[in-house]
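We use all heavy atoms of the structure for the numbers below, so side chains are in, but hydrogens, waters and symmetry mates are not. This is a predicted model, so every value here is computed, not measured. The first residue of the sequence shown is numbered 1, and numbering continues consecutively from there.
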Amino acid sequence: MYKDLFTTFFRIGAFTIGGGYAMIPLIEADVVEKHRWLDKEMFMDLVAVAQTCPGVFAVNISIFVGKKVGGFAGALMSTLGTVLPSLIVILLIATCLTQFLDIPWVEATFKGIRPAVVALIASPCFNMAKQAKITFLNAWIPIVCAIAIWALGVNPIYVLLIAAGAGFIYGIFISDESTVKPKL
């Protein structure tokens with residue numbers, strides 16, 4: 001199992017351009033669908049927790065998945081698998097590529113990659129919205145949060161705290177009786 005965790009996250013880390021959020025569909029495909037280490041709901045919960053924790057998202061999610069699947073050793077193996085490809089690539093770039101950045105075709109290549117990276121990041125957002133049951137009635141919440149962060153410069157920590165408080169209040173006082181209410 002530890003070898004599977006390492007190789008799964010190494011492959012994901014090696015072939016993902018665009019950072020941790022671009023990894024979400026790849027991680028979900030392997031962790032939920034291929035290996036069936038977690039169900040979809042547990043995976044989404046871990047993604048939510050990994051996003052709210054300090055640090056690099058890709059490392060956070062690999063730690064959570066590895067810990068859930070294989071304890072401390074699983075967390076260690078999945079984390080190593082996640083960070084080693086980036087470390088290797090960064091070392092190669094630092095030693096080799098910087099001397100080629102002024103070449104027009106290299107610069108054009110990187111300009112071509114940028115829109116694809118945006119799509120890689122946008123795709124998991126739509127998938128997460130679907131799994132989080134975001135509808136036209138409640139889509140205003142993530143839109144307002146995104147505008148507050150992006151256009152108004154509101155600190156994301158404040159947005160998270162306000163959203164958590166509003167969710168708590170909604171869950172305790174407003175939601176209908178068909179939902180499970182947390183116990184105080």
Tell me whether Leu152 at atom CG has more than 12 heavy atoms from other residues, nucleotides or ligands lying less than 6.0 Å away.
yes
Value for CZ (Phe57) from CD (Gln51), rounded to nearest 0.5 Å, stands at 5.0 Å
Determine, step by step, whether Val32 and Asp39 satisfy the side-chain contact (heavy atoms from CB on, under 4.5 Å) criterion, reporting the C-alpha distance in whole Å, the side-chain angles of both residues, the deciding distance to 0.1 Å, and the verdict.
CA-CA 6 Å; Val32 175; Asp39 62 21; 5.8 Å; no
Verdict with reasoning, Trp37 to Asp4, per side-chain contact (heavy atoms from CB on, under 4.5 Å):
CA-CA 11 Å; Trp37 288 329; Asp4 288 341; 3.9 Å; yes
Against Ser62, only a single residue in Leu80, Thr82, Val83 fulfils side chain to side chain contact (heavy atoms under 4.5 Å, CB included); can you say which?
Thr82
If hydrophobic clusters are built from ILVMFWY residues whose side chains come within less than 4.5 Å, do Ile12 and Met1 share one?
yes
To the closest 0.5 Å, what do you measure between CD1 (Ile63) and CG (Leu46)?
12.0 Å
Checking Lys34, Lys40, Arg36 against Glu28 for salt bridge (Lys or Arg N to Asp or Glu O under 4.0 Å), the one that qualifies is Lys40
ILVMFWY cluster, Phe9 and Leu38 together (side-chain gap under 4.5 Å)
yes
Atom pair CG/CZ of Asp30 and Arg11 - distance to nearest 0.5 Å
4.0 Å
Hits for side chain to side chain donor-acceptor pair (under 3.5 Å) against Thr79, two or more places apart or cross-chain, chain-then-number order -> none
Would you indicate whether Glu33, at its atom CD, is surrounded by more than 12 heavy atoms from other residues, nucleotides or ligands within a distance under 6.0 Å?
yes
Does the side chain of Arg114 reach to within under 4.5 Å of the side chain of Val118, using non-hydrogen atoms?
no
Report yes if the side chains of Pro156 and Ile149 come closer than 4.5 Å at any heavy-atom pair, otherwise no.
yes
What's the separation between atom CZ in Phe43 and atom CZ in Phe64, rounded to the nearest 0.5 Å?
12.5 Å
If hydrophobic clusters are built by linking Ile, Leu, Val, Met, Phe, Trp and Tyr wherever their side-chain heavy atoms come under 4.5 Å apart, do Val117 and Val56 end up in the same one?
no
hydrophobic_cluster_shared for Tyr158 and Leu160, side chain cutoff 4.5 Å
no
Here the pair of heavy atoms bringing Ala58 nearest to Met23 is CB-SD, 3.3 Å
Is there a side-chain contact between Phe6 and Ser78, using heavy atoms and a 4.5 Å cut-off?
no
Shared hydrophobic cluster for Leu161 and Ile147 (ILVMFWY, side-chain gaps under 4.5 Å)
no
Would you find a donor on one side and an acceptor on the other, under 3.5 Å apart, between the side chain of Thr8 and the backbone of Leu5?
no
Calculate, to the nearest 0.5 Å, the distance between atoms CD1 and CD1 belonging to Ile157 and Ile162 respectively.
12.0 Å
